[in-house]
Amino acid sequence: MKQHEDLFAQIRRLKKERNAVILAHYYQDPDIQDVADYIGDSLGLSQEAAKTNADVIVFAGVHFMAETAKILNPTKTVLLPDLEAGCSLADSCPAPLFREFKKKYPGHVVVSYVNCSAAVKAESDYICTSSNAVKIVNSIPKDQPILFAPDKNLGRYVMQQTGREMVLWPGACVVHETFSEKKLVQLQVEHPDAVVIAHPECEEPILKHAAFIGSTTALLNFSLKNPAKKFIVVTESGILHQMQKAAPEKIFIPAPPNANCACNECPYMRRNTLEKIAQCLETMQPEIRLPEDLRLRALVPVQRMLELSA
Ligand code: 13P
Ligand code: SF4
């Protein structure tokens with residue numbers, strides 16, 4: 001405990017000295033969420049990164065998120081506490097393969113989930129997150145064919161919500177594909193009063209049990225506004241920290257993964273630690289850098305998304 005208090009104090013001091021802001025995703029360890037200046041979903045974090053006055057952004061999240069912050073802030077220093085904090089979805093879509101894939105679908109507008117590299121963003125017409133994907137696809141004329149990458153589960157969900165056919169890149173998130181339908185149903189039997197809420201990166205058999213589907217922020221808001229006292233939460237378990245903090249009288253049950261593992265914790269997100277945050281503020285490393293021509297190409301679809309989400 002004492003060690004954590006020292007680290008918190010050290011981080012606060014360094015933040016002041018560097019004029020830094022810590023942006024954290026809900027999937028970070030509770031300690032990191034507690035030291036952050038802003039906690040949010042992918043869209044909220046991009047919006048916050050776009051408007052911060054800080055000189056330094058410490059991104060307590062994964063690589064594509066820090067990269068998006070850099071795309072929006074070329075003159076600021078963007079630090080990622082652990083450069084190995086990647087994402088299985090982003091990794092499932094290497095830019096050279098994606099370029100070849102695109103060639104097979106001439107005339108298609110490309111909508112890419114923000115969970116992709118800057119190089120894939122640069123190949124895209126629109127970026128979306130799980131909170132605005134339906135809105136963004138609906139903003140595209142009905143007769144315009146669409147290619148959606150890299151998450152096939154979010155893509156399928158968006159197709160169902162919009163009634164649009166889309167070509168899907170076959171990527172998926174290792175965390176959201178880990179949930180067991182059998183164990184979820186067992187949990188529902190044990191807790192018949194619990195409301196199931198799920199992230200759209202989950203597979204279809206899981207989503208069909210959900211009373212509400214949304215981004216991490218949408219799940220948090222729904223669980224706070226809904227009068228139910230008990231929720232089964234089907235997404236990375238880090239989100240439960242804010243749910244429990246905001247509604248200590250409610251019960252939040254993390255949905256069980258297939259195996260007896262902690263696979264409902266994102267192994268990439270959880271690479272970040274308080275120690276690494278303190279260290280990156282001390283050394284100003286590892287820093288995210290992008291070639292300017294790539295940044296400018298990736299900026300166009302990111303800005304389009306922010307305009308459509310304002
Ligand atoms: P959101 O925060 O947009 O819901 O996305 C979840 C996620 O998997 C981030 O990597
Ligand atoms: Fe990527 Fe899934 Fe981890 Fe999100 S939870 S960062 S989509 S691997």
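Remember, it's a predicted structure, so these values are computed and weren't measured experimentally. Values reported hereafter were calculated over all heavy atoms of this structure, with side chains retained and with hydrogens, waters and symmetry mates removed. Both counts, for ligands and for their atoms, begin at 1 and track the order of listing.
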Shortest reach to atom 10 (O) of ligand 1 by a heavy atom, considering only Asn115, Thr216, Leu89: Asn115
Select one of side chain, backbone, both or neither to describe which atoms of Tyr27 lie under 4.0 Å from any atom of ligand 1, heavy atoms only. side chain
Relative to ligand 1, is Phe64 under 4.0 angstrom through side chain, backbone, both or neither, heavy atoms considered?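 Contact part for Phe64 vs ligand 1: side chain (C-beta onward).
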Is the shortest N/O to N/O distance between [X] and ligand 1 below 3.5 Å?
{"X": "Ser42", "result": "yes"}
{"X": "His199", "result": "yes"}
{"X": "Ser215", "result": "no"}

Please give me the minimum heavy-atom distance between Ile136 and Ser139, naming the atom from each residue.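 Minimum heavy-atom contact is O-OG, 2.7 Å.
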Any protein N, O or S atom under 2.8 Å from atom 2 (Fe) of ligand 2? Found Cys173 SG
Arg304 bridged to Glu307 by N-O distance under 4.0 Å: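 No, no charged N to carboxylate O under 4.0 Å.
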Could you list which atoms of ligand 1 come closer than 4.0 Å to a heavy atom of [X]?
{"X": "Asp41", "answer": "1 (P), 2 (O), 3 (O)"}
{"X": "Met65", "answer": "9 (C), 10 (O)"}
{"X": "Ser130", "answer": "1 (P), 3 (O), 4 (O)"}

Taking a hydrophobic cluster as the set of Ile, Leu, Val, Met, Phe, Trp and Tyr residues connected by side-chain heavy atoms closer than 4.5 Å, whether directly or through intermediates, do Ile232 and Phe179 fall within one such cluster? yes
Single-linkage hydrophobic cluster, 4.5 Å side-chain cutoff, Ile71 and Phe59 together: yes
Walk me through whether Thr235 and Tyr26 qualify under side chain to side chain donor-acceptor pair (under 3.5 Å). CA-CA 10 Å; Thr235 190; Tyr26 292 116; over 6 Å; no
What residues form a salt bridge (charged side-chain N to carboxylate O under 4.0 Å, His left out) with Arg164, not counting sequence neighbours?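 Result, salt bridge (charged side-chain N to carboxylate O under 4.0 Å, His left out) vs Arg164: none returned.
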Identify the closest protein heavy atom to atom 8 (O) of ligand 1: which residue and atom is it, and at what distance?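 For atom 8 (O) of ligand 1, the nearest protein heavy atom is Glu201 OE2, 3.0 Å.
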Quick one: side chains of residues 14-24, donor-acceptor pairs under 3.5 Å with protein atoms, not counting sequence neighbours, listed by atom name and distance.
residue : atom : partner : partner atom : Å
Lys15   : NZ   : Asp37   : OD1          : 2.9
Lys15   : NZ   : Asp37   : OD2          : 3.3
Glu17   : OE2  : Arg13   : NH1          : 3.1
Arg18   : NE   : Leu281  : O            : 2.8
Arg18   : NH2  : Leu281  : O            : 3.2
Arg18   : NH2  : Glu282  : O            : 2.7
Asn19   : ND2  : Asp55   : OD2          : 3.1

Quick one: do the His241 and Asp34 side chains pair a donor with an acceptor below 3.5 Å? yes
Determine the interplanar angle of the Phe98 and Phe101 rings, folded into 0 to 90°, and report it as parallel if under 30°, tilted if 30 to 60°, perpendicular if over 60°. parallel
Under 3.5 Å donor-acceptor pairs involving side-chain atoms of residues 204-216, not counting sequence neighbours:
residue : atom : partner : partner atom : Å
Glu204  : OE2  : Gln160  : NE2          : 2.6
Lys208  : NZ   : Glu181  : OE2          : 3.1
His209  : NE2  : Glu181  : OE2          : 2.8
Ser215  : OG   : Asp41   : OD2          : 2.9
Ser215  : OG   : Thr217  : N            : 3.4
Ser215  : OG   : Ala218  : N            : 3.3

